[in-house]
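Single-structure report; data block below.
Counting begins at 1 with the first residue of the sequence. On a predicted model such as this, the values are computed, not experimentally measured, just so you know.
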Amino acid sequence: MKSVKVNFSSTESVKEFVNAVSRYPYEVDLHSGRYVVDAKSLLGIFSLDLAKPIVCEIYNDNCDELLKDINKYIVK
């Protein structure tokens, strides 16, 4: 399992993130406070507070390709 923080600058970036994550077969969740949503759910993500970074949990250890795809959203 890998964990990174992500941040979205616009609704278009959320849509691109969901499209990127949806291409992979493993589970990915987003955590904001006590709320957890499926990272493949556009409506789920919009229910979170997007003003601050969100924790992205990837439930696979071989997720280097996914991390490359979502690199522009990862908070460094």
Checklist entry - Does a donor on one side chain sit under 3.5 Å from an acceptor on the other, for Tyr24 and Glu65? => result no
Next on the checklist: Any salt bridge linking Lys40 with Glu27? Criterion: basic side-chain nitrogen under 4.0 Å from a carboxylate oxygen.
Outcome noted: no
Next on the checklist: As an exercise, state the distance from CD of Glu16 to OG1 of Thr11, rounded to the nearest 0.5 Å.
Outcome noted: 10.0 Å
Next on the checklist: Applying side-chain contact (heavy atoms from CB on, under 4.5 Å) to Val37 and Ser47, what does each step give before you reach the verdict?
Outcome noted: CA-CA 9 Å; Val37 298; Ser47 71; 4.0 Å; yes
Next on the checklist: Distance check, rounded to the nearest 0.5 Å: Met1 atom CE versus Asn60 atom CG?
Outcome noted: 11.5 Å
Item to check | Whether Phe8 and Tyr73 hold their rings parallel, tilted or perpendicular, with breakpoints at 30° and 60° | outcome: tilted
Item to check | Transitive ILVMFWY side-chain link Val36 to Phe17, under 4.5 Å | outcome: no
Item to check | Full working for side-chain contact (heavy atoms from CB on, under 4.5 Å) between Leu50 and Ile45 | outcome: CA-CA 8 Å; Leu50 301 178; Ile45 294 173; 4.0 Å; yes
Checklist entry - Do Ile54 and Val18 belong together in a cluster built from hydrophobic side chains that touch within less than 4.5 Å? => result yes
Next on the checklist: Using modelled atom types and a 3.5 Å cut-off, is there a donor and acceptor pairing between side-chain atoms of Asp29 and backbone atoms of Glu57?
Outcome noted: no
Item to check | Straight-line distance of Leu42 CG to Asn19 CG, nearest 0.5 Å | outcome: 8.5 Å
Item to check | Residue pair Asn71 / Leu67, side-chain heavy-atom distance below 4.5 Å | outcome: no
Checklist entry - Is Val14 linked to Tyr35 within one hydrophobic cluster, defined over Ile, Leu, Val, Met, Phe, Trp and Tyr using a side-chain heavy-atom separation of less than 4.5 Å? => result yes
Next on the checklist: Test side-chain contact (heavy atoms from CB on, under 4.5 Å) on Lys2 and Leu66; report intermediate values, then the result.
Outcome noted: CA-CA 11 Å; Lys2 300 238 181 189; Leu66 172 58; over 6 Å; no
Checklist entry - Between Ser10 and Ser13, what is the shortest heavy-atom contact and its length? => result O-OG, 2.6 Å
Checklist entry - Do Ile74 and Ile58 sit in the same hydrophobic cluster, where Ile, Leu, Val, Met, Phe, Trp and Tyr count as joined when their side-chain heavy atoms come under 4.5 Å apart? => result yes
Item to check | Validation row: Val55, Leu30 side chains within 4.5 angstrom (heavy atoms) | outcome: no
Checklist entry - Is it true that the side chains of Tyr26 and Asn62 contain a donor and an acceptor less than 3.5 Å apart? => result no
Checklist entry - Under a 4.5 Å cut-off applied to non-hydrogen side-chain atoms, are Lys52 and Ser32 in contact? => result yes
Checklist entry - Side-chain heavy atoms under 4.5 angstrom apart, residues restricted to Ile, Leu, Val, Met, Phe, Trp, Tyr: same cluster for Leu48 and Phe46? => result yes
